[in-house]
Amino acid sequence: MAAMQRFMHGYKRAWETRDDALLASLFTPDAVYHNTPFDAQRGHAAMRRYWDRVKLQADIELSFEVLLDGGDSGIAHWHVTYQVTSEKMFALWAAAAGTGIPAREPGDPLPRLVLDGVALADFEPSGLCTRFRIWWHSRIAD
């Protein structure tokens with residue numbers, strides 16, 4: 001299995017199981033994870049702190065299609081849905097999405113969110129990721 005395919009299978013497992021240690025194991029110790037074009041986590045500790053927001057999600061389903069697997073780099077299209085489990089997660093999503101918090105009545109259930117994006121990854125010869133960049137858009141599920 002080529003590097004991008006192997007990486008995306010691990011990324012899927014890490015996200016669906018909310019496993020920050022598994023996520024970190026996919027990267028070199030000094031790797032950079034760009035969760036948006038304007039923000040980056042450098043190194044395992046920063047990635048694991050960022051990944052704490054995944055622990056506020058439930059019923060996570062991630063699918064992907066590898067578009068390019070060039071050995072030392074790759075591109076994938078990914079799609080994830082999850083149930084928001086806390087008001088904090090909902091506020092984080094609204095801030096990251098730039099949409100503000102949609103109107104909800106007190107007691108309304110928290111929404112299920114849909115994210116769709118593209119990932120670009122660079123790998124060292126061992127197959128560990130050195131740089132991971134994602135671009136994504138999100139919305140509340142229908």
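If you're wondering where the values come from, they're calculated on a predicted model, not measured in any experiment.
In plain terms, the two heavy atoms of Gly74 and Phe123 that are nearest each other are N-CE1, 4.1 Å. Pairing each heavy atom of Met4 with each of Ala121, the nearest pair is SD-CB, 3.8 Å. Listed here is the closest heavy atom pair of Leu110 and Ser86: CD1-N, 3.4 Å. Nearest heavy atoms, Val32 versus Met47: N-CE, 4.3 Å. The two residues Ala40 and His34 have their closest heavy-atom pair at CB-ND1, 3.6 Å. Contact between Asp69 and Ala3 at its shortest, heavy atoms only, is OD1-N, 3.5 Å.
To the nearest 0.5 Å, atom CE of residue Met8 and atom CD1 of residue Ile75 are 12.0 Å apart. Asn35 CG to Trp136 CH2: the interatomic distance, rounded to the nearest 0.5 Å, is 7.5 Å. Going from atom CZ of Arg6 over to atom CG of Leu128 covers 9.0 Å, rounded to the nearest 0.5 Å. Distance check, rounded to the nearest 0.5 Å: CG of Leu67 to CH2 of Trp78 gives 13.0 Å. To the nearest 0.5 Å, atoms CG (Leu22) and CH2 (Trp15) are separated by 13.5 Å.
Salt bridge Asp122/Arg133: present, at least one basic N to carboxylate O contact under 4.0 Å. In summary, Arg49 and Asp52 do not engage in a salt bridge, as defined by a charged side-chain N under 4.0 Å from a carboxylate O.
Arg112 places a side-chain N or O within 3.5 Å of a backbone atom of Asp59 that can act as its donor or acceptor partner. Judged by distance alone, with hydrogens and angles left aside, the side-chain atoms of His79 form no donor-acceptor pair with the main-chain N or O of Glu65 at under 3.5 Å. Not one N or O on the side chain of Asp20 forms a donor-acceptor pair closer than 3.5 Å with the backbone of Trp51. For the pair His44 (side chain) and Asp30 (backbone), a donor-acceptor distance under 3.5 Å is absent. Between the Gln41 side chain and the Arg48 main chain, no donor and acceptor come within less than 3.5 Å of each other. Side-chain atoms of Thr81 never come within 3.5 Å of backbone atoms of Val114 as a donor-acceptor pair (strictly under, hydrogens ignored). Side-chain N or O atoms of Arg18 include one that pairs as donor or acceptor with a backbone N or O of Gln57 at under 3.5 Å.
A single hydrophobic cluster is not seen to contain both Val118 and Phe64; linkage of ILVMFWY side chains at heavy-atom distances under 4.5 Å, directly or through other members, places them apart. Val80 and Leu120 sit in two unconnected hydrophobic clusters of ILVMFWY residues. Membership requires side-chain heavy atoms under 4.5 Å apart, directly or through other members. Leu68 and Trp135 fall within a single hydrophobic cluster, where Ile, Leu, Val, Met, Phe, Trp and Tyr are joined by side-chain heavy atoms under 4.5 Å apart, directly or via other members.
Val54 is not listed as a side-chain neighbour of Leu23, based on a closest heavy-atom distance of 4.5 Å or more. A heavy-atom distance below 4.5 Å is not found between the side chains of Leu113 and Ser138.
Surrounding CZ of Arg139 are more than 12 heavy atoms belonging to other residues, nucleotides or ligands, all under 6.0 Å away.
Close placement of the Phe132 and Tyr11 rings is indicated, their centers lying within 6.0 Å of each other.
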- Derivation and outcome, side-chain hydrogen bond (donor to acceptor under 3.5 Å, both in side chains), residues Asp116 and His77: CA-CA 8 Å; Asp116 194 72; His77 170 233; 3.0 Å; yes

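Phe7 and Phe27 have perpendicular rings, their planes meeting at more than 60° on a 0 to 90° scale where under 30° would count as parallel.
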